[in-house]
Amino acid sequence: MITYEYPLNERIRTLLRLENLFERANHFLVKEEDSRAHHAALLTLFEILEVASRADLKSDLLQELERQKQILQGFRNNPQIAESALKQVLADIERTSAALFAMTGKIGQYLRENDWLMSIKQRTGIPGGACEFDLPSYHFWLNRDGHRRNADLHAWISPLLPIKEASSIVLKLLREGGRPVKHVAQRALFSQMLGGKSSQMVRIRLPRSSQYIPEISANKYALNVRFGTFGTRVCEADVEFELTFCNL
């Protein structure tokens, strides 16, 4: 199945962006000997810095983790709930909250205070701006031993990992907070009135073999989905899909 996720508020939009960026950074970090992968990892770190710089991100995550902790504690001694799984989730929340609380100052401030990194960030905002003749010191770094580059990258990204872990917990609980329902979009169009019902994310799932791509628009009153095919927006087929409204 292919899953399309559409956030219905700015907070979830930010968390989904961070999830995507941390996954990309991790993908490039494991390639220890590839300087091009490390270049891509550093560019991704700069993107994480920009997205995570929301002034209220840390407090939002701490408040949501505490809220979820209180909700989950109410499920203790419930025979329908696996006690071991519940304890693990609560332990993860407590550990992540403590790490998040221990982060001091503005998120990523240690990166902004690194003049060398900021000079790279400034140049990489220009197409082709990180060539060796523009940034000879960066060219030197890219030609260092892969293990040393990897160590540098981990040192730069590690202080941001509490944000990653907290975002992962919140998104996991959000995705689990919905029940999928099968629908058919008549002539590739689907609309559903929400009646003010609050949701934080919509998920649409289609078979991987499906050629249809959903274009989603939503607010607190209605959800509208138009299905098209790759390369064209014109489609009049009936499309079967799975829809989930997710809430924390």
Side-chain angles (χ1 to χ4, degrees), residues 2-3 5 12-62 65 88-89 91-172 175:
I2 300 179
T3 302
E5 295 182 329
I12 302 304
R13 192 183 309 274
T14 297
L15 297 188
L16 288 172
R17 285 187 171 130
L18 285 171
E19 178 184 60
N20 176 271
L21 290 168
F22 275 113
E23 286 177 353
R24 191 200 309 168
N26 185 65
H27 171 77
F28 290 121
L29 277 172
V30 298
K31 301 180 179 181
E32 291 190 351
E33 299 304 321
D34 191 338
S35 63
R36 290 166 298 185
H38 286 173
H39 172 70
L42 188 58
L43 295 186
T44 304
L45 175 60
F46 293 150
E47 290 187 64
I48 291 171
L49 178 63
E50 291 298 317
V51 175
S53 293
R54 273 186 47 200
D56 55 351
L57 177 61
K58 177 183 170 181
S59 61
D60 275 357
L61 287 169
L62 282 169
L65 289 175
Q88 183 60 57
V89 174
D92 290 342
I93 289 176
E94 290 182 0
R95 173 180 51 78
T96 302
S97 294
L100 200 58
F101 188 77
M103 295 178 68
T104 58
K106 188 175 181 180
I107 294 174
Q109 186 59 32
Y110 67 98
L111 295 173
R112 296 184 187 87
E113 292 173 353
N114 186 318
D115 292 339
W116 183 77
L117 281 177
M118 290 302 99
S119 69
I120 307 301
K121 183 177 183 294
Q122 184 178 22
R123 290 299 308 179
T124 52
I126 303 170
C131 288
E132 59 189 81
F133 53 83
D134 290 310
L135 295 168
S137 67
Y138 184 51
H139 183 62
F140 170 80
W141 182 79
L142 288 173
N143 280 275
R144 300 184 85 184
D145 180 77
H147 293 290
R148 298 184 68 175
R149 288 197 312 270
N150 197 268
D152 287 340
L153 287 166
H154 276 93
W156 295 329
I157 201 169
S158 290
L160 298 173
L161 292 183
I163 297 292
K164 172 183 179 293
E165 296 301 324
S167 299
S168 295
I169 291 173
V170 172
L171 289 175
K172 181 177 185 293
R175 288 172 176 130

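Keep in mind that the numbers below use all heavy atoms, side chains included, and drop hydrogens, waters and symmetry copies.
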Heavy-atom pair with the smallest gap, counting every atom of [X] and [Y]:
{"X": "D134", "Y": "G128", "value": "OD2-O, 3.9 Å"}
{"X": "A166", "Y": "L100", "value": "CB-CD2, 4.0 Å"}
{"X": "T124", "Y": "H39", "value": "CG2-CE1, 4.3 Å"}
{"X": "L160", "Y": "G108", "value": "CD2-N, 4.1 Å"}
{"X": "M103", "Y": "P162", "value": "SD-CB, 3.7 Å"}
{"X": "I157", "Y": "A25", "value": "CD1-CB, 3.9 Å"}

Just how far is it from atom [atom1] of [X] to atom [atom2] of [Y], taken to the nearest 0.5 Å?
{"X": "T96", "Y": "L161", "atom1": "OG1", "atom2": "CG", "result": "10.5 Å"}
{"X": "F22", "Y": "S168", "atom1": "CZ", "atom2": "OG", "result": "8.5 Å"}
{"X": "L117", "Y": "W141", "atom1": "CG", "atom2": "CH2", "result": "8.5 Å"}
{"X": "I169", "Y": "S97", "atom1": "CD1", "atom2": "OG", "result": "7.0 Å"}
{"X": "C131", "Y": "H139", "atom1": "SG", "atom2": "NE2", "result": "10.5 Å"}
{"X": "L135", "Y": "I120", "atom1": "CG", "atom2": "CD1", "result": "4.5 Å"}

Hey, is the main chain of [Y] close enough, under 3.5 Å, to the side chain of [X] for a donor-acceptor pair?
{"X": "R112", "Y": "I107", "answer": "yes"}
{"X": "R123", "Y": "A130", "answer": "no"}
{"X": "Y110", "Y": "W156", "answer": "yes"}

Review point. Is there a side-chain contact between R54 and D60 (heavy atoms, below 4.5 Å)?
Key: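 In short, these two side chains touch, coming nearer than 4.5 Å.
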Check your understanding: Quick one: do the H154 and N150 side chains pair a donor with an acceptor below 3.5 Å?
Key ->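 A pair is found: one side chain offers a donor N or O, the other an acceptor, under 3.5 Å apart.
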Check your understanding: Between T3 and R175, is any side-chain donor less than 3.5 angstrom from a side-chain acceptor?
Key ->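 No pair is found: no donor N or O on one side chain lies under 3.5 Å from an acceptor on the other.
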Review point. For R24, which residues count as a side chain to side chain contact (heavy atoms under 4.5 Å, CB included) partner, sequence neighbours excluded?
Key: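 Side chain to side chain contact (heavy atoms under 4.5 Å, CB included) check on R24 returns N20, L21, F28, T44, E47.
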Practice item. Could you walk me through whether L16 and E19 pass side-chain contact (heavy atoms from CB on, under 4.5 Å), step by step? Key: CA-CA 5 Å; L16 288 172; E19 178 184 60; 4.0 Å; yes
Point to revise | Worked verdict on L18 versus L57 for side-chain contact (heavy atoms from CB on, under 4.5 Å) | key: CA-CA 11 Å; L18 285 171; L57 177 61; 3.8 Å; yes
Check your understanding: Just wondering, more than 12 heavy atoms not from R13 lying within 6.0 Å of its CZ?
Key ->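 Yes - once you tally the heavy atoms of other residues, nucleotides and ligands closer than 6.0 Å, there are more than 12.
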Review point. Got more than 12 heavy atoms from elsewhere within 6.0 Å of CD, Q122?
Key: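 Counting neighbours around CD of Q122, 12 or fewer heavy atoms of other residues, nucleotides or ligands fall under 6.0 Å, so no.
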Practice item. Please step through side-chain contact (heavy atoms from CB on, under 4.5 Å) for the pair I48 and I163, ending with a clear verdict. Key: CA-CA 10 Å; I48 291 171; I163 297 292; over 6 Å; no
Exercise for review: Show the numbers, then the answer: is there a side-chain contact (heavy atoms from CB on, under 4.5 Å) between L61 and L15?
Suggested key: CA-CA 10 Å; L61 287 169; L15 297 188; 3.9 Å; yes
Check your understanding: Hey, is E50 close enough to K121 for a salt bridge, meaning N to O under 4.0 Å?
Key ->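 Yes, charged N to carboxylate O under 4.0 Å.
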Check your understanding: Is the closest basic N to carboxylate O distance between R149 and D152 below 4.0 Å?
Key ->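 No.
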